[in-house]
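Notes follow the structure.
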Amino acid sequence: MEKNSKSIPRKKIEPAARMKELPDQSRPYEKALRLGTGALTDAELLSIILRSGTKGKNSLQLAEEILDLCKFRNGLLGIYHLTLQDLMSLDGIGEVKALQILCVRELSRRIAQMNTSSALCFDRPDTVAQYFMEEMRHQETEKVICVMLDSRMQQIASPEISSGTVNMSLVSPREILQKALSYHALHLILIHNHPSGNPSPSHEDYQVTRNLYQAGKIVGIELSDHIIIGDRTYFSFRDDGFFDTLASQEETQTDTGD
């Protein structure tokens with residue numbers, strides 16, 4: 001994970017030696033037993049998961065190739081951007097090994113998310129953004145999630161509303177509120193990402209926020225926030241005062257009898 005300050009710098013492995021030909025102190029498995037897994041480099045950790053290499057390439061060399069595979073971000077973070085097909089393009093990585101790596105990636109994401117959730121306050125945009133940051137900022141296409149909350153602002157569920165090339169103007173408040181009613185939610189937070197890394201809202205983002213806010217008031221489900229995730233940054237409609245503006249407009253319309 002990105003916040004792991006104990007990640008140990010990698011050093012390239014000289015080619016050819018089979019794992020059993022390496023000295024004991026250089027074999028990842030033996031090193032882990034002797035010193036603990038915290039003493040291993042990223043490549044050594046990955047090589048233990050791989051277990052074996054292929055002809056002319058041991059598991060440590062194969063691990064190095066995986067860490068260098070992503071064209072725009074090397075190392076562990078690069079694995080977030082690799083697909084099953086990307087991994088299987090390497091000589092020595094078949095479907096089983098590729099799935100193992102993707103499963104480890106998913107486990108790391110879930111562990112990080114669960115670790116954050118224990119102290120998470122869903123009425124604070126900064127902590128909500130932090131909770132979803134690692135899951136959302138690596139996405140290469142837009143993804144929309146709706147966080148369902150109870151009366152105490154505790155998370156009930158976070159179903160995915162849409163994924164892929166998302167036109168936010170087509171996100172249906174009706175569909176979202178139907179899901180919220182099925183979960184008996186009283187509050188909800190809409191979250192989506194901008195793959196560009198820039199979380200600045202578009203005209204469509206403002207439009208769907210206004211529509212969902214107004215529709216939610218009719219059925220008694222409060223839109224507590226709409227958060228856009230960028231690369232290590234976010235935008236909160238609540239923090240930006242947009243909901244205050246909507247409430248003020250409603251009061252003005254009531255006072256004028258519109």
Side-chain angles (χ1 to χ4, degrees), residues 1-117 131-143 160 163-164 193 195-197 229 231-232:
M1 301 299 296
E2 185 172 0
K3 295 183 180 178
N4 183 5
S5 59
K6 296 183 179 180
S7 182
I8 298 174
R10 296 154 49 203
K11 59 181 181 180
K12 293 291 183 180
I13 307 300
E14 293 301 321
R18 293 193 298 174
M19 193 61 70
K20 66 180 182 181
E21 295 172 349
L22 294 174
D24 285 350
Q25 64 269 22
S26 298
R27 299 179 193 174
Y29 190 86
E30 286 77 2
K31 182 178 177 182
L33 289 175
R34 188 173 70 257
L35 302 175
T37 55
L40 300 185
T41 65
D42 295 342
E44 288 170 337
L45 286 168
L46 192 53
S47 73
I48 289 180
I49 295 168
L50 294 172
R51 297 183 61 187
S52 63
T54 189
K55 186 176 181 180
K57 186 192 309 179
N58 63 41
S59 62
L60 210 47
Q61 294 163 329
L62 191 54
E64 287 282 0
E65 289 188 11
I66 293 169
L67 293 173
D68 287 334
L69 184 57
C70 182
K71 297 293 187 293
F72 54 89
R73 182 166 291 176
N74 289 349
L76 292 178
L77 286 180
I79 294 178
Y80 271 97
H81 301 277
L82 299 177
T83 65
L84 187 74
Q85 289 71 30
D86 291 333
L87 290 165
M88 291 176 63
S89 70
L90 291 178
D91 182 31
I93 299 292
E95 187 176 74
V96 172
K97 279 189 169 67
L99 279 175
Q100 287 173 336
I101 294 166
L102 295 183
C103 285
V104 169
R105 180 182 74 183
E106 179 62 17
L107 279 172
S108 70
R109 184 192 67 78
R110 294 188 189 188
I111 289 170
Q113 196 174 62
M114 289 180 68
N115 188 49
T116 304
S117 68
Y131 181 68
F132 287 98
M133 183 65 70
E134 288 307 303
E135 174 183 357
M136 301 289 281
R137 76 182 185 89
H138 297 289
Q139 299 289 327
E140 296 178 8
T141 56
E142 285 197 22
K143 182 177 181 179
E160 182 178 302
S163 180
N193 64 305
S196 67
I229 302 293
D231 189 6
R232 300 185 184 90

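All residue numbers in this chain count up from 1 along the given sequence. Both backbone and side-chain heavy atoms feed into the values below; hydrogens, waters and symmetry mates do not.
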Item to check | Glu160 atom CD, over 12 foreign heavy atoms within 6.0 Å | outcome: yes
Checklist entry - Taking C-beta and beyond as the side chain, do Ile48 and Leu40 meet within less than 4.5 Å on heavy atoms? => result yes
Checklist entry - Is Ser52 close to Lys97 at the side-chain level, that is, under 4.5 Å between some pair of heavy atoms? => result yes
Next on the checklist: I want to check something: taking the side chain as every heavy atom from C-beta on, are Pro195 and Glu142 in contact at a cut-off of under 4.5 Å?
Outcome noted: yes
Checklist outcome for this item: Taken in chain and number order and not counting sequence neighbours, the residues that satisfy side chain to side chain donor-acceptor pair (under 3.5 Å) with Glu140 are His81
Checklist entry - So do Leu67 and Asn74 actually touch side chain to side chain, heavy atoms under 4.5 Å? => result no
Checklist entry - Looking at side-chain heavy atoms only, is the closest gap between Asn193 and His138 below 4.5 Å? => result no
Checklist outcome for this item: Here the gap from Leu50 atom CG to Leu62 atom CG, rounded to the nearest 0.5 Å, amounts to 5.0 Å
Next on the checklist: Test your reading of the model: is there a side-chain donor-acceptor pair from Lys143 to the backbone of Glu135, 3.5 Å cut-off?
Outcome noted: no
Next on the checklist: I'd like to check the side chain to side chain donor-acceptor pair (under 3.5 Å) partners of Asp231; sequence neighbours left out, ordered by chain and number.
Outcome noted: Arg137
Item to check | Name of the residue among Asp42, Ile49, Leu46 meeting side-chain contact (heavy atoms from CB on, under 4.5 Å) with Ile66 | outcome: Leu46
Checklist entry - Is there side-chain contact between Thr54 and Ile93, with heavy atoms separated by less than 4.5 Å? => result no
Item to check | All side chain to side chain donor-acceptor pair (under 3.5 Å) counterparts of Thr83, not counting sequence neighbours | outcome: Asp86
